[in-house]
Amino acid sequence: MKIIQKTFGEVNNRLINQYTMVNDNGIEVTCINYGCIITKIITPDKEGNFENIVLGYDAINDYITNHYYFGAIVGRVAGRIKGAAFELDGETYELVKNENNNHLHGGMTGFDKVIWDAAVIENDQEVAVKFSYHSPDGEEGYPGNLDISVIYSLNQQNELSIQYTGHTDKKTLLNMTSHSYFNLSGNFKRDILNHALKIKSEKYLELNEENIPTGDLLDVTGTPFDFTSESMIKTGVESEHPHNILVGKGYDHPFLLQTNHDNEIILMEKESGRTLTVETDEVGVVVYSGNFIENGGYIQGVPSRKYLGICLETQGLPDAIHHPHFPSWVLEKGEEYSSVTKYKFGIMNTNTN
Ligand code: FUC
């Protein structure tokens with residue numbers, strides 16, 4: 001195993017470094033210390049062709065102007081906070097409004113748009129990069145000085161693990177996620193409509209017309225949201241179900257996970273034979289099928305368009321601060337925020353398809 005470091009670009013006169021972790025099976029994960037962005041993940045298909053399976057750019061400027069959060073760490077709070085305001089201990093906090101009247105993905109300058117410190121970790125079992133960031137009291141409107149770290153580690157079992165840690169000096173909100181757009185076809189040869197997904201989830205969250213949870217948890221049975229047995233992404237894209245149409249035809253929905261660290265999310269593409277298994281500590285996953293990726297321009301040589309990638313954003317349920325019956329992601333002073341999500345890269349068993 002090894003880590004290869006080089007300069008990726010420059011932001012505000014600071015050099016941005018690129019780290020490529022490589023295991024002995026040839027799996028590669030590349031990340032940079034701007035937004036903790038994962039720029040590339042190279043894995044083999046069933047024929048042994050090594051190709052990229054995440055949307056990304058080659059130049060730092062594309063990431064600076066990008067509003068898709070490609071590969072980035074999102075925070076302090078992933079998803080939308082209604083009205084860009086919340087109350088904690090009787091005090092009202094106003095957040096930056098960056099989507100209509102609401103707050104999205106940590107604001108204008110969220111964790112995806114800041115420079116992180118980085119340290120390389122290498123041992124017999126794995127190669128890793130530890131990113132750290134100090135988010136000052138009041139940043140984007142949130143209370144508390146917050147110190148966070150995100151560790152990306154790759155092992156010989158072809159697992160990428162993301163470990164999130166956070167501490168605050170004042171009660172605050174913290175609900176981070178990773179925003180990679182996966183496309184298992186390899187180098188985006190095909191869109192994700194024929195990717196099959198399996199999720200151990202019997203409930204998804206109803207959204208309003210601003211993509212914010214209404215508070216209602218709905219049963220997946222008999223709907224395009226039923227991934228309890230594998231189902232294609234095109235099921236929801238082609239469906240007339242009002243909840244698929246509401247989010248621009250497809251998925252942009254939080255699912256409540258029934259189980260953790262138990263193969264709870266599996267993405268597969270038969271043609272390439274690639275599989276991605278996601279396991280997490282988190283209570284939910286937002287499945288976003290890339291409905292808002294615009295036409296025009298190129299993404300690593302491929303014309304930009306809808307459904308070119310799928311995000312599987314493991315996290316606490318969105319806007320929980322306004323829904324007391326959702327599990328809380330309020331972080332107390334002195335408490336540790338700690339969460340792990342693992343991504344295992346595999347190949348389908350050809351005997352079963
Ligand atoms: C996802 C979605 C949003 C948004 C963003 C880029 O997390 O929930 O709707 O489009 O990504």
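Both counts, for ligands and for their atoms, begin at 1 and track the order of listing.
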(message) Quick test: of every protein heavy atom, which one is nearest to atom 10 (O) of ligand 1, and how far off is it to 0.1 Å?
(response) Phe292 CD1, 3.4 Å

(request) Using a strict 4.0 Å cut-off to heavy atoms of His179, name the atoms of ligand 1 that fall inside it. (result) 1 (C), 5 (C), 7 (O), 11 (O)

(message) With respect to Tyr69, determine whether any N or O atom, backbone or side chain, lies less than 3.5 Å from an N or O atom of ligand 1.
(response) no

(request) Give the atoms of ligand 1, by number and element, whose distance to some non-hydrogen atom of Arg80 is under 4.0 Å. (result) 3 (C), 4 (C), 8 (O), 9 (O)

(message) Can you confirm whether or not the ring centre of Tyr181 sits under 6.0 Å from the ring centre of Phe70?
(response) yes

(message) So for atom NZ, which belongs to Lys130, do other residues, nucleotides or ligands contribute more than 12 heavy atoms lying within a distance under 6.0 Å?
(response) no

(request) Go through Asp281 and Thr341 one step at a time and tell me if the side-chain contact (heavy atoms from CB on, under 4.5 Å) criterion holds. (result) CA-CA 6 Å; Asp281 292 345; Thr341 297; over 6 Å; no

(request) Just need the protein heavy atom nearest to atom 5 (C) of ligand 1, so name the residue and atom and give the distance. (result) His105 NE2, 3.6 Å

(request) Could you list the atoms of ligand 1 found under 4.0 angstrom from a heavy atom of Glu313? (result) 1 (C), 7 (O)

(request) Could you check Glu271, Glu269, Glu51 and say which one makes a salt bridge (Lys or Arg N to Asp or Glu O under 4.0 Å) with Lys189? (result) Glu51

(message) Whether the side chain of Asn25 engages the backbone of Gln156 through a donor-acceptor N/O pair (distance < 3.5 Å, no angle test) should be reported.
(response) yes

(request) Could you check atom 8 (O) of ligand 1 against the protein and tell me its nearest heavy-atom contact, residue, atom and distance included? (result) Asp252 OD1, 2.6 Å

(request) Check the pair Asn211 / Asp252 against side-chain hydrogen bond (donor to acceptor under 3.5 Å, both in side chains), numbers first and verdict last. (result) CA-CA 8 Å; Asn211 277 6; Asp252 195 357; 3.2 Å; yes

(request) Using a strict 4.0 Å cut-off to heavy atoms of Tyr288, name the atoms of ligand 1 that fall inside it. (result) 1 (C), 10 (O), 11 (O)

